[in-house]
Amino acid sequence: MVEFNPEDHFATDRLDKLKRLQNEGINPYPPSFDRSCALAEFTDRYDDETSLSDEEYRLAGRIRRFNDLGGIAFLGIADESGGVQLYLDDETEGFDLLDSLDHGDIIGATGEPIRTDRGELSLRVQQLSVLTKTLNHPPRDELNEESRLRNRPVAMWEPDVRARLETRFDTISEIRSFLEGRDFTEADTTVLQNVYGGANATPFETFCEAKDQTMYLRIATELDLKKLVVGGFERVFEIGKVFRNEDIDTTHNPEFQMLELYQAWADYEDMMQITEDLVCYVVDSVLDGSRTLQYDGKEIDLSRPWERLTMTEAIHRHGNINVESLSDDELETIAREHGAEFPGGFSRGLGIMELFETVAEPELWDPTFVVDHPQETTPLCKDHREKDGRIERFELMVAGAELANSYTELNDPVQQGEHFAAQLERYEAGDEEAHQMDEGFLQALSYGLPPTGGLGIGIDRLVMLLTDSQSIKDVLPFPMVNSKE
RNA sequence: GGGCCGGUAGCUCAGUCCGGCAGAGCGUCUGACUCUUAAUCAGACGGUCGAGGGUUCAAAUCCCUUCCGGCCCGCCA
């Protein structure tokens with residue numbers, strides 16, 4: 001028999017008040033309350049009126065201010081829309097309830113609009129009722145960092161926490177409306193997978209009892225979405241969580257929100273266009289038409305068109321290194337001097353990528369398309385139509401970080417198989433993040449993926465830019481925290 | 001993975017360097033109060049000092065181990 005002891009979980013002074021209510025035959029958690037309108041609707045209607053109606057209102061909200069003067073009392077209640085002051089006196093039915101109410105409790109009040117002697121619009125309460133008795137004290141002061149992360153429902157009462165989450169939810173909604181306006185179909189694909197792919201990352205493992213087999217949480221939505229394109233859905237996107245079993249820090253959460261879209265009959269040039277259009281659309285919608293962002297004390301200029309640099313140009317500009325003139329050995333030496341490691345073995349292309357990430361990436365502040373990566377940087381992208389050893393890939397860099405990643409999708413099944421084999425070799429050589437061999441995906445490609453452009457955007461990163469947040473935790477409703485005993 | 005900072009009342013935090021009765025503000029509780037703006041006045045209560053071990057006559061304070069959070073570096077997106 002497991003006993004539940006309320007005293008171990010809740011504030012004793014509030015439990016006493018809860019009991020007092022129950023002893024008086026009052027249900028502290030009634031099933032419903034038929035309010036006549038949101039609080040803002042009440043204030044909007046009467047704020048500028050000199051004469052008030054005698055219309056009856058039923059208002060509800062959380063107690064945020066509690067001034068009990070003895071014979072009369074003023075309560076400030078709030079809901080999502082705003083706040084209203086309640087005026088109570090000895091004519092109020094339920095006036096005695098005040099003895100059992102606290103800050104944070106949710107109450108309902110029936111009455112009519114009045115102005116107090118100080119001129120403040122209020123509801124003169126004829127009847128007061130408890131809607132939800134709360135059992136812990138709401139914080140009086142701003143929460144500290146740890147409480148803000150652990151006690152999310154209460155943290156959301158703080159305006160800045162609330163504002164960032166609103167921007168997050170708006171952003172996701174605006175992305176949808178943008179893509180639906182361009183005839184994209186929203187898809188949802190598998191989260192639990194036998195084979196993980198679409199990115200180079202360490203997966204979360206789980207176990208499927210029914211199949212008696214290890215499964216993985218997806219690290220990307222890419223492969224399933226391309227299968228949908230093979231299946232005839234020519235413009236698809238998915239906004240969904242992906243999972244990577246890597247470190248937690250200011251820019252990484254193990255589960256994060258990713259947009260991926262695929263468009264048949266398009267290439268990476270088209271994807272650059274759609275990326276600019278989409279990001280600017282979201283910024284316009286969420287930030288009311290602003291063309292600049294303030295981030296980390298500096299300004300980000302979103303003026304179009306955004307600059308394009310090849311990866312080697314970026315290295316030359318910001319590191320003053322001409323990689324084309326270096327031998328493989330010289331390149332490896334310089335890359336290692338910059339801290340690069342090559343767990344599955346060095347190759348020229350990986351050396352260039354590593355050098356880019358250390359010398360150029362942090363310097364790219366205003367939106368910049370870095371294009372034409374070395375082939376070794378991903379197995380899923382088509383070879384460049386002109387440049388030997390390069391692929392038709394771009395990454396959008398903003399504020400020194402990657403915001404988007406895009407390819408002209410590789411649709412040659414034989415070449416795809418060769419790339420997977422090369423990845424398998426790297427895996428066996430010690431690169432734990434190398435891509436897996438995916439027979440199902442190869443089979444899909446064998447039935448013909450039309451020429452297709454694909455794009456991935458990290459939504460959390462985008463929201464960080466929009467809200468001037470330096471930590472991903474600030475833009476997550478429920479950032480990952482370790483459990484306490 | 002490495003370094004630095006932090007964890008003390010319901011909340012926000014002093015106190016730790018230099019060991020000596022466990023502190024403040026707000027909240028809570030009791031009382032007063034018929035126009036307040038978490039009001040005002042009087043009084044009271046409130047603690048496993050993150051956890052465990054050690055040193056000491058004596059530990060929030062010093063030492064060791066460990067958990068949790070934050071920041072920086074490394075790695076990844």
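Proteins get letters first, then strands, A, B, ... in listed order; numbering begins at 1 in each.
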What nucleic acid atoms does A/Asn136 come within less than 4.0 Å of, heavy atoms only: base, sugar-phosphate, or nothing? nothing
Please check if any side-chain donor atom of A/Thr189 sits under 3.5 Å from a side-chain acceptor atom of A/Arg218, or the reverse. yes
Gap between atoms CG and C1', on A/Leu86 and B/U34 respectively (whole Å): 17 Å
What's the closest nucleotide to the A/Ser471 side chain, out of B/C33, B/U37, B/C71? B/C71
Integer angstrom distance from the C1' of B/C21 to that of B/U30: 27 Å
Determine the Euclidean distance between corresponding C1' atoms of B/A77 and B/A24; express it in Å to zero decimal places. 46 Å
Nearest-Å distance once atom C1' is located in both B/G53 and B/U48: 16 Å
Atom-pair distance (CZ on A/Phe342; P on B/C75), nearest Å: 11 Å
Interatomic distance at P, B/G15 relative to B/G23, whole Å: 16 Å
C1' atoms of B/C45 and B/C4, separation to the nearest Å: 40 Å
Of the nucleotides B/C76, B/G70, B/C71, which has the atom closest to the A/Glu357 side chain? B/C76
Dump every N/O contact between nucleotides 28-30 of chain B and the protein below 3.5 Å, one line per pair.
from, atom 1, to, atom 2, distance (Å)
B/U28, O3', A/Asp13, OD2, 3.3
B/U28, O2', A/Asp13, OD2, 3.3
B/C29, OP1, A/Lys17, NZ, 2.2

Nearest-nucleotide check on RNA chain B, A/Glu354 vs A/Gly70; residue mapping nearer the 5' end is A/Gly70
Suppose you measure atom P in B/U8 against the same atom in B/G69; what distance do you get, rounded to whole Å? 15 Å
Salt-bridged, A/Glu332 to A/Arg336, with N to O below 4.0 Å? yes
I'd like the C1' distance from B/G70 over to B/A38, given in whole Å. 30 Å
Tell me yes or no: between the side chains of A/Thr310 and A/Asp372, is some donor less than 3.5 Å from an acceptor? no
What is the distance, rounded to the nearest whole Å, between atom CG of A/Leu217 and atom P of B/A77? 18 Å
With a 4.0 Å cut-off on heavy atoms, is A/Thr250 in touch with a base, just the backbone sugar-phosphate, or nothing at all? sugar-phosphate
Going by an N to O cut-off under 4.0 Å, is there a salt bridge joining A/Glu395 and A/Arg393? yes
Interatomic distance, A/Asp68 CG vs B/G31 P [rounded to whole Å]: 11 Å
Could you tell me whether A/Asn253 contacts a base, only the sugar-phosphate backbone, or nothing, with contacts defined as non-hydrogen atoms closer than 4.0 Å? base
Whole-Å gap separating P (B/G27) and CZ (A/Phe66): 13 Å
Determine whether the side chains of A/Thr378 and A/Tyr407 contain a donor N or O and an acceptor N or O closer than 3.5 Å. yes
To the nearest Å, give me how far apart CZ (A/Phe74) and P (B/A38) are. 13 Å
Measure from CD on A/Glu246 to C1' on B/A77 and round the result to the nearest Å. 8 Å
Rounded distance in Å between the C1' positions of B/G27 and B/A9: 10 Å
Of the listed nucleotides (B/A77, B/C71, B/C76), which one gets closest to any side-chain atom of A/Phe256? B/A77
Hey, does A/Leu149 reach any base, or is it just sugar-phosphate, or nothing, if we go heavy atoms under 4.0 Å? sugar-phosphate
Donor-acceptor under 3.5 Å (A/Lys298 side chain, A/Ala399 main chain): no
Step by step, would you call A/Tyr262 with A/Glu260 a side chain to side chain donor-acceptor pair (under 3.5 Å)? CA-CA 7 Å; A/Tyr262 293 84; A/Glu260 289 196 42; 2.6 Å; yes
When all nucleic acid strands are considered with a 4.0 Å heavy-atom cut-off, which category describes A/Asn405: base, sugar-phosphate, or nothing? nothing
Output yes when A/Lys382 and A/Asp267 qualify as a salt bridge under the 4.0 Å nitrogen-oxygen rule, no when they do not. no
Report the base-pairing partner of B/G1 (Watson-Crick or G-U wobble, both distances below 3.5 angstrom), or none. B/C73
Test item: side-chain donor near acceptor, A/Tyr87 and A/Thr92, under 3.5 Å: no
B/A39, B/C71, B/U34: which one has an atom nearest the side-chain heavy atoms of A/Asn67? B/A39
Quick one: label A/Gln85 by what it contacts on the DNA or RNA (base, sugar-phosphate, nothing), any heavy atom closer than 4.0 Å. base
Rounded to the nearest Å, what distance is computed from the OH atom of residue A/Tyr87 to the C1' atom of nucleotide B/A39? 15 Å
